[in-house]
2 protein chains.
Amino acid sequence: MNRRQTLQKKTILTVLRKTDTHPTADWIYDEVRKVLPHISKGTVYRNLKILSEDGEVSELHLNGDASRYDGKMSPHYHFRCEGCGKLYDIDEPFNAEIDERVMKKTGFMILYHHLEFRGFCHTCQNNKEREKEGYINE
Amino acid sequence: MNRRQTLQKKTILTVLRKTDTHPTADWIYDEVRKVLPHISKGTVYRNLKILSEDGEVSELHLNGDASRYDGKMSPHYHFRCEGCGKLYDIDEPFNAEIDERVMKKTGFMILYHHLEFRGFCHTCQNNKEREKEGYINE
DNA sequence: TTAGATGCAAAGGGTTTGCAACGTC
DNA sequence: GACGTTGCAAACCCTTTGCATCTAA
């Protein structure tokens, strides 16, 4: 099962590498269609799966909605706002020792870890303030 | 919008508290049906969402499959085996300071964080060994 | 009494898949 | 030429929802 280099796959990877966001398959599909108008969603999904298996991108399963994909492969952490759902990269030093420590303790072979912070971003904190003050009601 | 205590909700919570696994809604549905044979899946989903909103259980979005629910509410970490997909609780001290630190650095209001280790469990490590030795082929 | 909860079934929505045609190696 | 890949559409499957009925408070 040897992988082939297709225009579709290359374009998907380019799109993903070019953005700083963590797009959904749907967004990627729209973006790729600007270059390859006839690409199908199935192809996008198939390639995202392949790229993820090959370690070219990572698939993030963060909430109940659609998967998101990350073209930034250096280890880094995330922050998700529970107000607006936006995902941010966190510039916090990656802790490599913790894998080692847990590996020793558990005997599991640990390859990496995901760390995600949850809370409210600046905008949503402000909105909460305004809610409290009575400007916004639900 | 006042919450009511129903037999369905109580049973779901009991089932979830009694297990050490991280079951899917479907497994919970089957389990609850042993006691309440006429409960519907919609009710299970609705209650899981309510319990999760109320902080009684937590909903884990770990991979592309179905959501899993965790009745253990004390903060703890997870390990997911990439071989068999099994999820384990990790007995590693919960790091509360890191929230504080990232909060100061970013200005985000951080409430909590999720940490998940990935790799291979004991069984799957052994299987990989056997694969290498040629006993298992793909 | 009344508004929240249930059961049922249908709809939703992201993702996967079967298949014939196509393109890469 | 062989076989991995594509486009298309239908199928899948987990989850949500509308609605009449029921029930906890």
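None of the values given here were measured: they were computed from a predicted structure. Chain letters run A, B, ... following the sequence lines, proteins first, then strands; residues in each count from 1.
- Between B:Phe79 and A:Ile110 there is a side-chain heavy-atom pair separated by less than 4.5 Å.
- Scanning all heavy atoms of the two residues, the minimum distance from A:Val44 to A:Ala25 falls at CG1-O, 3.9 Å.
- Between B:Tyr45 and D:dT15 there is a side-chain N or O to OP1 or OP2 distance below 4.0 Å.
- With sequence neighbours excluded, the residues satisfying salt bridge (charged side-chain N to carboxylate O under 4.0 Å, His left out) with B:Glu92 are A:Arg101, A:Lys105.
- Among residues at least two apart or in separate chains, salt bridge (Lys or Arg N to Asp or Glu O under 4.0 Å) pairs with a member in residues 29-45 of chain B are B:Asp26-B:Lys41, B:Asp30-B:Arg33, B:Glu31-B:Lys34.
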Item to complete: Report, as a single string ordered 5' to 3', how protein heavy atoms within less than 4.0 Å touch nucleotides 19-25 of chain D: B base, S sugar-phosphate only, - not at all.
Response: ----BBS
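- Here the closest non-hydrogen pair linking B:Thr24 and B:Tyr69 is C-CD1, 4.5 Å.
- B:Tyr45 places none of its side-chain heavy atoms less than 4.5 Å from the side chain of B:Tyr29.
- Taking atom CG on A:Leu48 and atom P on D:dT6, their separation rounds to 11 Å, with Å as the unit.
- The side chain to side chain donor-acceptor pair (under 3.5 Å) pairs that include a residue from residues 8-18 of chain B number zero, where partners must be two or more places apart or lie in different chains.
- The CG-P distance, from B:Asp26 to D:dT15, rounds to 8 Å in whole Å.
- Atom-to-atom, CG of B:Asn2 to C1' of C:dA5 comes out at 13 Å; the value is rounded to the nearest Å.
- Considering only residues two or more places apart in sequence or on other chains, B:Asp70 meets the side-chain contact (heavy atoms from CB on, under 4.5 Å) condition with B:His22, B:Ser58, B:Leu60, B:Lys72, B:His76, B:His78, B:Asp89.
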Worksheet item: Could you walk me through whether A:Phe117 and B:Asp99 pass the side-chain contact (heavy atoms from CB on, under 4.5 Å) check?
Response: CA-CA 7 Å; A:Phe117 298 91; B:Asp99 289 352; 3.4 Å; yes
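- Contacts of A:Asp54 classified as salt bridge (charged side-chain N to carboxylate O under 4.0 Å, His left out), with partners at least two apart in sequence or in another chain: A:Arg3.
- Every side chain to side chain donor-acceptor pair (under 3.5 Å) that B:Thr19 has, sequence neighbours left out, goes to B:Thr21.
- Helix-axis bend for the helix from C:dT1-D:dA25 to C:dC25-D:dG1: the local axis fitted to the five terminal pairs at one end deviates from that at the other end by 50°, rounded to 10°.
- For A:Gln8 and B:Tyr69, each mapped to the nucleotide of DNA chain D holding its nearest heavy atom, the one lying further toward the 5' end belongs to A:Gln8.
- Every residue meeting the side-chain contact (heavy atoms from CB on, under 4.5 Å) condition with A:Ser40, not counting sequence neighbours, appears here in chain and number order: A:Thr43.
- Applying a 4.0 Å cut-off to non-hydrogen atoms, none of the residues of residues 51-58 of chain B approaches DNA chain D.
- Contacts between residues 27-42 of chain B and DNA chain C, counted as heavy-atom distances below 4.0 Å, involve B:His38, B:Ile39, B:Ser40.
- At whole-Å resolution of the value, CD1 in A:Ile12 and P in C:dT15 are 14 Å apart.
- Contact check, A:Asn47 against D:dT6: a side-chain N or O comes under 4.0 Å of OP1 or OP2.
- Remark: B:Tyr77 pairs with B:His113 by the side chain to side chain donor-acceptor pair (under 3.5 Å) rule, at least two apart or across chains.
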